[in-house]
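Below, all heavy atoms of this structure are taken into account, side chains as well, without hydrogens, waters or symmetry copies.
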Amino acid sequence: MGAGKIWRRRFGCALALVLAPLLALALGQPMGEAMLPGAPGELEPDVGLRAAWEAPNWFAEEVVDVDGREELRANDDWSVVSFVEEGDGLSDRLVGELEGRGWALVASGQEGVWTGVKEGGRCSWLALSCTWVGDVLCVVLQVNAPMG
């Protein structure tokens with residue numbers, strides 16, 4: 001993999017992690033509340049790379065399977081998750097994957113941004129943002145992580 005491609009991926013992930021709090025703010029979640037210590041959905045300053053095996057079972061079952069996804073990052077409670085992918089039709093496939101798990105998604109009116117709700121399970125809402133950086137799709141998911 002070339003240095004330029006690695007730089008684009010890292011830039012994309014960094015951009016995605018910066019956009020996640022802005023997305024939360026745009027969706028009406030008070031940022032001060034989201035950043036209080038111990039608050040559900042707390043945004044950690046030390047969010048780092050994660051391995052797919054670290055994902056809690058509820059995330060793979062109810063949201064998306066992160067196995068094989070590149071540049072996977074998540075905060076401690078997996079309420080904010082980002083990854084990158086390459087290929088055609090990725091955002092459509094991701095939306096299809098979410099809908100297959102019972103999510104009713106609504107486009108926000110802004111390209112690449114959806115909100116979703118789901119009945120049953122441990123998560124009931126999510127925000128999805130897909131941004132192209134060159135030929136790489138940067139994905140940020142924010143969900144209401146279950147307590148405990």
*Indicate whether the side chain of N144 and that of S79 have a donor and an acceptor atom separated by less than 3.5 Å.*
no

*Is the backbone of R73 close enough, under 3.5 Å, to the side chain of R50 for a donor and an acceptor to pair up by distance?*
no

_Validation row: L141, V64 side chains within 4.5 angstrom (heavy atoms)_ = yes

_Give me the atom names and distance for the closest heavy-atom approach of V136 to E86._
CG2-CG, 3.9 Å

*asked:* If I take atom CD from residue Q110 and atom OG from residue S129, how far apart are they, to the nearest 0.5 angstrom?
replied: 7.5 Å

*Got a sec, which residues hit side-chain hydrogen bond (donor to acceptor under 3.5 Å, both in side chains) with R69, two or more places apart in sequence or on another chain?*
E85, E97

_Tell me every residue that passes side chain to side chain contact (heavy atoms under 4.5 Å, CB included) with W58, counting only those two or more places apart in sequence or in another chain._
P56, E62, V63, W78, R122, C123, V143, A145, P146

*Is W103 close to K118 at the side-chain level, that is, under 4.5 Å between some pair of heavy atoms?*
yes

_Residues which pass side-chain hydrogen bond (donor to acceptor under 3.5 Å, both in side chains) with D67, listed by chain and number, not counting sequence neighbours_ = none

*Working to the nearest 0.5 Å, report the span between CG of L90 and SG of C138.*
11.0 Å

_Rounded distance [0.5 Å steps], CZ in F59 versus CG in D77_ = 10.5 Å

*Trace of the side chain to side chain contact (heavy atoms under 4.5 Å, CB included) decision for V81 with V140*: CA-CA 6 Å; V81 176; V140 177; over 6 Å; no

_Pairs touching residues 104-116 that satisfy salt bridge (Lys or Arg N to Asp or Glu O under 4.0 Å), sequence neighbours left out_ = none

_Once rounded to the nearest 0.5 Å, what's the spacing between atom CG of L94 and atom SG of C130?_
5.0 Å

*With the side chain counted from C-beta on, respond yes when W125 and T115 share a heavy-atom pair under 4.5 Å apart, and no when they do not.*
no

_CH2 on W114 to CG on L128, rounded to 0.5 Å_ = 5.5 Å

*For L49 and E54, run side chain to side chain contact (heavy atoms under 4.5 Å, CB included): C-alpha distance rounded to whole Å, both residues' side-chain angles, the deciding distance at 0.1 Å, then the answer.*
CA-CA 10 Å; L49 287 172; E54 294 179 80; over 6 Å; no

*With sequence neighbours left out, what residues match S108 under side-chain hydrogen bond (donor to acceptor under 3.5 Å, both in side chains)?*
none

_Would you say that L126 contacts L105 through its side chain, given a criterion of any heavy-atom pair below 4.5 Å between the two side chains?_
yes

